[in-house]
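As structure tokens, the structure follows; a few thoughts come after it.
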Amino acid sequence: HLHDANFSKEALKEMDWVYLNHIQENSCIIQDDIIEILTKKDAVHFTWNPGGHQMDAGTQETENHALLAQTDLLLLNKEEALRFTGEETVEDAIRHLQTIGARIVCVTDGGNGAIASDGTVLYHCPVMAGVHVVDTTGAGDAFGTGATWALVQGMDLPNVLRAGTMNAASVIGALGAQAGLLTETKMHEQLKFAPIEVTVKSLA
């Protein structure tokens, strides 16, 4: 329900990192304020998980294009990536999005894990083995917040993927979208020992 009347540009200016998740069509009115701040203040980093209205408008829509050019981490699932770009493969979708300016593009694909690129290579991170699924609610959001946290910590892309994967795995092992979220301490601990091997290949 964000709108110009309840969205604070002044608060936004003070942030180090902004995470814009799915918003409804009526809330897209705040996008011009976000673009204004992102383009004027280099210190503000940006994670974006576009909503349905934005994906239907496509990457060439003026505000979507402007947001992509300022995005540090773009989060989409496979279906969304193809829908947003109009491409036929995930790798083509990633190239499309990075050509516009998204620095890191991450695409999740359910049980197949997640892939991400920094524009030079493609990383694949599998799902965690042996996780007992209780409720998948919030898994995507947990992945995104875990990955963004790792970027804020200055971690490299393989560990960004591992952090997102661990946070999502913890959430689906509990009931509801928040009960399983990892604390910062647990995240650091699991990153040391979690048997998640990220593989890399060239972005052909």
Side-chain angles (χ1 to χ4, degrees), residues 1-110 114-117 135-149 151-152 164 167-168 171-172 176-178 181:
H1 301 291
L2 291 168
H3 203 273
D4 281 343
N6 62 10
F7 183 72
S8 173
K9 288 174 61 176
E10 295 306 312
L12 180 64
K13 292 177 183 178
E14 300 303 315
M15 297 299 106
D16 296 318
W17 206 294
V18 175
Y19 190 130
L20 180 63
N21 210 342
H22 293 261
I23 54 176
Q24 297 179 358
E25 181 176 355
N26 291 339
S27 293
C28 287
I29 195 170
I30 68 169
Q31 290 179 159
D32 59 343
D33 289 337
I34 296 173
I35 292 166
E36 179 185 344
I37 300 303
L38 292 175
T39 52
K40 288 185 177 180
K41 190 169 183 285
D42 291 339
V44 179
H45 294 282
F46 185 55
T47 294
W48 187 26
N49 182 201
H53 174 72
Q54 294 158 320
M55 283 182 282
D56 287 340
T59 60
Q60 299 306 316
E61 189 274 332
T62 302
E63 290 189 344
N64 284 346
H65 198 277
L67 284 170
L68 284 169
Q70 301 299 322
T71 299
D72 291 278
L73 175 62
L74 182 69
L75 299 162
L76 298 161
N77 63 35
K78 180 180 178 180
E79 179 185 354
E80 292 168 343
L82 302 182
R83 176 180 167 193
F84 195 28
T85 63
E87 301 288 353
E88 294 186 358
T89 70
V90 170
E91 291 191 16
D92 284 342
I94 289 173
R95 279 189 286 268
H96 175 124
L97 295 160
Q98 290 188 315
T99 296
I100 296 173
R103 186 168 69 87
I104 296 171
V105 178
C106 180
V107 179
T108 57
D109 187 16
I115 61 173
S117 177
D135 182 5
T136 60
T137 303
D141 291 337
F143 182 96
T145 53
T148 299
W149 168 84
L151 279 177
V152 172
N167 206 33
V171 163
I172 66 175
Q178 298 183 28
L181 289 171

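Worth knowing before you read on, the calculation uses all heavy atoms, side chains too, and leaves out hydrogens, waters and symmetry mates. The model shown is predicted, which means the values in this text are computed figures rather than measured ones.
Side-chain contact between Leu68 and Phe84 is present, with at least one heavy-atom pair separated by less than 4.5 Å. Considering only heavy atoms from C-beta on, Leu73 comes within 4.5 Å of Thr148 through its side chain. Ile29 places none of its side-chain heavy atoms less than 4.5 Å from the side chain of Phe7. In this structure, Val107 and Ser117 have side chains that are not in contact, with every pair of non-hydrogen atoms separated by 4.5 Å or more. Between Asp33 and Ile37, every side-chain heavy-atom pair lies at or beyond the 4.5 Å cut-off. Counting heavy atoms from C-beta on, the side chains of Asp72 and Thr47 never come closer than 4.5 Å. Using a 4.5 Å heavy-atom cutoff, the side chains of Leu75 and Glu80 are not in contact. Here the side chains of Thr39 and Gln70 are in contact, with some heavy-atom distance below 4.5 Å.
When all heavy atoms of Pro50 and Leu76 are compared, the closest pair comes out as CD-CD2, 3.6 Å. Val44 approaches Leu12 most closely through the heavy-atom pair CG2-O, 4.4 Å. Residues Val171 and Ala139 come closest through the heavy atom pair CG1-N, 4.3 Å.
Salt bridge absent: Glu87 and Arg95 never bring a charged side-chain N and a carboxylate O closer than 4.0 Å.
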Side chain to side chain donor-acceptor pair (under 3.5 Å) evaluation trace for His22 with Asn49: CA-CA 6 Å; His22 293 261; Asn49 182 201; 3.1 Å; yes
Would you check, one step at a time, whether the test side-chain contact (heavy atoms from CB on, under 4.5 Å) holds for Asp109 with Val90? CA-CA 10 Å; Asp109 187 16; Val90 170; over 6 Å; no
Test side-chain contact (heavy atoms from CB on, under 4.5 Å) applied to His53 and Ile23, step by step: CA-CA 8 Å; His53 174 72; Ile23 54 176; over 6 Å; no
Tell me, with the steps shown, if Thr59 and Leu97 meet side-chain contact (heavy atoms from CB on, under 4.5 Å). CA-CA 8 Å; Thr59 60; Leu97 295 160; 3.8 Å; yes
Does the pair Trp48 and Asn64 meet the rule for a side-chain contact (heavy atoms from CB on, under 4.5 Å), with working shown? CA-CA 10 Å; Trp48 187 26; Asn64 284 346; 3.6 Å; yes
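Sparse packing is recorded around CD of Glu79, with 12 or fewer heavy atoms of other residues, nucleotides or ligands lying under 6.0 Å away. For Gln24, the CD atom counts as loosely surrounded, since its 6.0 Å shell holds 12 or fewer non-hydrogen atoms of other residues, nucleotides or ligands.
With hydrogens and angles disregarded, no donor-acceptor distance shorter than 3.5 Å links the side chain of Thr71 to the backbone of Leu74. Distance alone, capped at 3.5 Å, is enough to place a donor-acceptor pair between the Gln54 side chain and the Gly51 backbone.
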